[in-house]
Amino acid sequence: MKEVQLGDVLKLNRVRELGSKDYTIQGKPYVSQDFYSVRATVIEQPKGKQIEIIKKKRRKGYQRRLTHRQPYTVLRISEVDVNKLE
């Protein structure tokens, strides 16, 4: 997520599965937002390990070596509220 900064609080609105030891709610594909509210805080935005991509065409003398590092966003779930199911 490029548009968030460190320390931002996000409200997560697409959850596939929600539960504990006693119960589980599975979505099809997502759980309805009436059942829960989840808040998360952005902790850090590291980059993954460097990946090297080699492109080559046979007998043409074409060789390219590309590298990139995938950016990630680390979240800490700070609040999970499950509404009463009726």
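Along the sequence shown, residues are numbered consecutively beginning with 1. Computed over heavy atoms, backbone and side chain alike; hydrogens, waters and symmetry mates excluded.
Between Tyr23 and Val82 the shortest side-chain heavy-atom distance falls below 4.5 Å. Using a 4.5 Å heavy-atom threshold, the side chains of Asp34 and Asn83 count as separate.
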Cut-off 3.5 Å, no hydrogens considered: what does the side-chain donor-acceptor table look like for residues 44-55, sequence neighbours left out?
{"unit_1": "Gln45", "atom_1": "NE2", "unit_2": "Met1", "atom_2": "O", "d": "3.1"}
{"unit_1": "Gln45", "atom_1": "NE2", "unit_2": "Val4", "atom_2": "O", "d": "3.3"}
{"unit_1": "Gln50", "atom_1": "NE2", "unit_2": "Thr67", "atom_2": "OG1", "d": "3.2"}
{"unit_1": "Glu52", "atom_1": "OE2", "unit_2": "Arg65", "atom_2": "NE", "d": "2.6"}

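Applying the side-chain contact (heavy atoms from CB on, under 4.5 Å) test to Gln5 and every residue at least two apart in sequence or in another chain returns Asp8. Scored by the side-chain contact (heavy atoms from CB on, under 4.5 Å) test, Asn13 finds Gln33 as partners (sequence neighbours excluded). Residues satisfying the side-chain contact (heavy atoms from CB on, under 4.5 Å) test with Glu17, not counting sequence neighbours, are Thr24, Gln26.
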Residues Tyr30, Arg16; criterion side chain to side chain contact (heavy atoms under 4.5 Å, CB included); working and verdict: CA-CA 4 Å; Tyr30 300 111; Arg16 291 185 182 267; 3.7 Å; yes
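In terms of heavy-atom proximity, Leu18 sits nearest to Val80 at CD1-CG1, 4.3 Å. The minimum heavy-atom distance linking Thr41 with Ser78 is given by the pair OG1-OG, 4.0 Å.
Each salt bridge (Lys or Arg N to Asp or Glu O under 4.0 Å) pair with one or both residues in residues 20-32, not counting sequence neighbours, would appear here, but there are none.
Residues Leu12 and Tyr36 are members of one and the same hydrophobic cluster, defined by side-chain heavy-atom contacts under 4.5 angstrom among Ile, Leu, Val, Met, Phe, Trp and Tyr. No continuous path of hydrophobic side-chain contacts links Tyr72 to Ile77 [ILVMFWY only; heavy atoms under 4.5 Å].
Clustering of Ile, Leu, Val, Met, Phe, Trp and Tyr by side-chain heavy atoms under 4.5 Å joins Val74 with Ile43.
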